[in-house]
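So that we are looking at the same thing, I have put the structure below in structure tokens.
Residue numbering restarts at 1 for every chain, and letters A, B, ... go by the order of the sequence lines.
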There are 2 protein chains.
Amino acid sequence: MKKNPSLVDVARRANVNISTVSRTIHQTGKIGAETQARVQKAMHELGYKPNRVARRLRARDVATHLIGLIIPNIQNPFFADLARGVEDVAYRNNFAVMLCNYDEDEKKEHFYLDVMQAESVDGIILPPIHEQDPAVLQVVQNGTPVVCVDRILSSGNLDKVEVDNHSGALEAVKHIIAQGHRRIGIIGGPADSSTGRERLSGYKDAHASANLAVKPELVRFGDFKQESGQRLANELLALASPPTALFVCNGLMTAGALEAIAALGLRIPKQIAIVGFDELPLASVFNPPLTVVRQPAYEVGQSAAELLLKRIADASRAPTSLKLQPNLIIRKSC
Amino acid sequence: MKKNPSLVDVARRANVNISTVSRTIHQTGKIGAETQARVQKAMHELGYKPNRVARRLRARDVATHLIGLIIPNIQNPFFADLARGVEDVAYRNNFAVMLCNYDEDEKKEHFYLDVMQAESVDGIILPPIHEQDPAVLQVVQNGTPVVCVDRILSSGNLDKVEVDNHSGALEAVKHIIAQGHRRIGIIGGPADSSTGRERLSGYKDAHASANLAVKPELVRFGDFKQESGQRLANELLALASPPTALFVCNGLMTAGALEAIAALGLRIPKQIAIVGFDELPLASVFNPPLTVVRQPAYEVGQSAAELLLKRIADASRAPTSLKLQPNLIIRKSC
DNA sequence: TTTTCTTGTGCAAACGTTTGCTTCGGTTCA
DNA sequence: TGAACCGAAGCAAACGTTTGCACAAGAAAA
């Protein structure tokens, strides 16, 4: 294992003290021009790369150029897009991103939260697993900047970026109703997630504004994974009087529901109409093309990263809360 | 910023030396039973969490439980699956994963390679951007364990996990030929990537074994992103005598090609048949369901992580090279 | 000439670990 | 009664930075 050159090596070669080298790198303090040149030369010759670990250890109070991103599931295209948004902004600002998946598993979320603190990242971006997550609050109290995305935390005065789930769902279900549907099944998210709740409330409000009663048997709660979409769609479609349209609250579950529909041989939209949350890679070329609520996932990631970077630069700024608008893309599935 | 408790705090509270605390944690050296108990108690009361940064700084020669994963694009489902494979294995072994996207951009790849070395990760998993990537070799020479996935490095005797691209493409194109097609367009990957080359060679060999000539105008090279799939499909389909079938060398480009086909209003498979590399989320419920070469992406990630962990544990083991088989899933698009 | 600023540089502490070495009391063995 | 050993715990160095402080030498001010 060849050791990387350190400050000491550079200093020795340039015949100066390590502090001079450090100050040359950071342009802090007064250093004579020709000394700087000598140091630069030595660094170059040795191929010196600062050791980020040592830097982080020493300077708790200084930006270490590392942020953490903890997401439920990288296989969900929504989060993949979001992650790209975060990463692109980070890269432009010379930050590295440490990305972890918690897979909707609270234990895993906590493990990664611990890891990130132990790595002393400059800040963390995450969708909290549910609205009162004491572990996240704990981190905040420790002084680590946190930006919530997608899902929010009920307590805690934090920077956050969310999507207007209520209005997205409202618009979608209004559209479904406008197509003449009266029995509309919903495959929702977990009841304790803010996104799940808000989308459900949009569904309910759309019913209310059309003077339609919500039928409890048409309301199901999934876990945002594909399998639950399939299972719940099957349950709904097996009802004595099944829904004529389905509103599915995320992309993966929509894919699952589509599988169920395909297996049953039902025709879309005649026998069963469907509107899903989240754009999917093949949605526009699907046959029929899918009507979906498109979330600006990439932009959510970007904004969150920008907010986090601002907070890292200035811990005292007032928390900002952004709400991005989704948009209903009407195609042929409803 | 509340400071996390350190070894010193624990030691003070338990009335012992920090070394005793450290040794209690790692069960190294002889520590009396009641001392251990006292230390445990103190750690618990203080909520002590070891500082990973300090640990990494101190112990260059000891596993620091952090591995790096550098991938071209997290928005490509193949890599998302692969990443999950890596992450699951890592998590089971108490390793954290630092994930970065280089977006097929060499400068970005190098930036992240630098970052990971500077973070002194225990090892790195990556698909090299092309076959002779000096930066990667440099890292290897520095003594950092590296496992290549998906794409390989021509020099360097490394652990690697690849997919049998040649046989996957061969089988797929043989199937296309067996369906009666004689003019088969290929939308390939970059010519300097091993995956691109191998898939192309499978395409050629399938032609050869059927005594078919490869028509140069039917061979196009994309960049594994969606846009290029769309553009090249349009080019191919605009030919004076267009292909009757398309073989598309990755999932994102397949989605792009599908867009082009949909825009042209062509019917699959009658007017244009299509087989793509990579399974896609909606492929099985697509209309018609897509015939694809499924790559065991998750398993590639798993195996790579296992290999890397083994190498971290024992630097002197002989490099292992794994080749996983893809399988052709015949559905209705060809 | 002496005093007071600059300017450029070095010294050394600190961050939180891990670990080789030392120390110290107590057994065991001759 | 020593010599030799052993088990338990402490001391201090090291990892590679950053940074407050000290210091020397020359310049400016008195």
Sugar-phosphate only, base, or nothing, as touched by B:Ser6 at under 4.0 Å among non-hydrogen atoms: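 Result for B:Ser6 = sugar-phosphate.
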Sugar-phosphate, base or nothing in reach of A:Ser19, heavy atoms under 4.0 Å: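 It contacts base atoms.
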Length of the line joining B:Arg58:CZ and D:dA13:C1', which is rounded to integer Å: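 So the two atoms are 8 Å apart, to the nearest Å.
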Cationic N near anionic O, under 4.0 Å, B:Asp81 to B:Arg84: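 Answer for the salt bridge query: no.
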Side-chain N or O of A:Thr20 closer than 4.0 Å to phosphate OP1/OP2 of C:dT9: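 For C:dT9, OP1/OP2 do not have a side-chain N/O of A:Thr20 under 4.0 Å.
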Any B:Thr35 side-chain N or O less than 4.0 Å from OP1/OP2 of D:dA8: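 Result: no.
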Sugar-phosphate, base or nothing in reach of A:Leu7, heavy atoms under 4.0 Å: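 Touches a base.
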Length of the line joining B:Asp9:CG and C:dA14:P, which is rounded to integer Å: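 Those two atoms, CG and P, are 15 Å apart.
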Interatomic distance, A:Arg23 CZ vs C:dT9 C1' [rounded to whole Å]: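 Rounding to the nearest Å, CZ of A:Arg23 and C1' of C:dT9 are 8 Å apart.
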Salt bridge flag under 4.0 Å for residues B:Lys160 and B:Glu131: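 Salt bridge flag = no for B:Glu131 with B:Lys160.
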Interatomic distance, B:Ile67 atom CD1 to B:Thr144 atom OG1 [nearest 0.5 angstrom]: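 Between B:Ile67 CD1 and B:Thr144 OG1, I get 13.0 Å after rounding to 0.5 Å.
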Spacing of A:Ile18 atom CD1 relative to D:dT18 atom C1', expressed in whole Å: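 Roughly 9 Å, once rounded to whole Å.
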Distance, rounded to the nearest Å, where A:Leu66 contributes CG and D:dT17 contributes P: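 Between P of D:dT17 and CG of A:Leu66: 17 Å.
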Rounded interatomic separation in angstrom, taking NE2 from A:His65 and P from D:dT18: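 About 12 Å, once rounded to whole Å.
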Sugar-phosphate, base or nothing in reach of A:Val16, heavy atoms under 4.0 Å: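 Sugar-phosphate only.
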Rounded interatomic separation in angstrom, taking NE2 from B:His26 and C1' from C:dT19: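 Going from NE2 in B:His26 over to C1' in C:dT19 covers 11 Å.
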Touch class at under 4.0 angstrom, heavy-atom based, for B:Ser22 against every strand present: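 The residue B:Ser22 makes base contact.
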Under-4.0 Å salt bridge between A:Glu45 and A:Lys41: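 Salt bridge: yes.
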Sugar-phosphate, base or nothing in reach of A:Thr28, heavy atoms under 4.0 Å: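 Here A:Thr28 touches no strand at all.
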Geometric class of the A:Tyr112/B:Tyr91 ring pair [parallel <30°, tilted 30-60°, perpendicular >60°]: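 Geometry flag for A:Tyr112 against B:Tyr91: tilted rings.
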Spacing of A:Asn51 atom CG relative to D:dA14 atom P, expressed in whole Å: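 Rounding to the nearest Å, CG of A:Asn51 and P of D:dA14 are 18 Å apart.
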D:dC11 OP1/OP2 closer than 4.0 Å to side-chain N/O of B:Asn17: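 True: B:Asn17 side-chain N/O within range (under 4.0 Å) of D:dC11 OP1/OP2.
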C:dT18 phosphate, OP1 or OP2, under 4.0 Å from B:Arg55 side-chain N/O: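 Answer is yes, contact under 4.0 Å.
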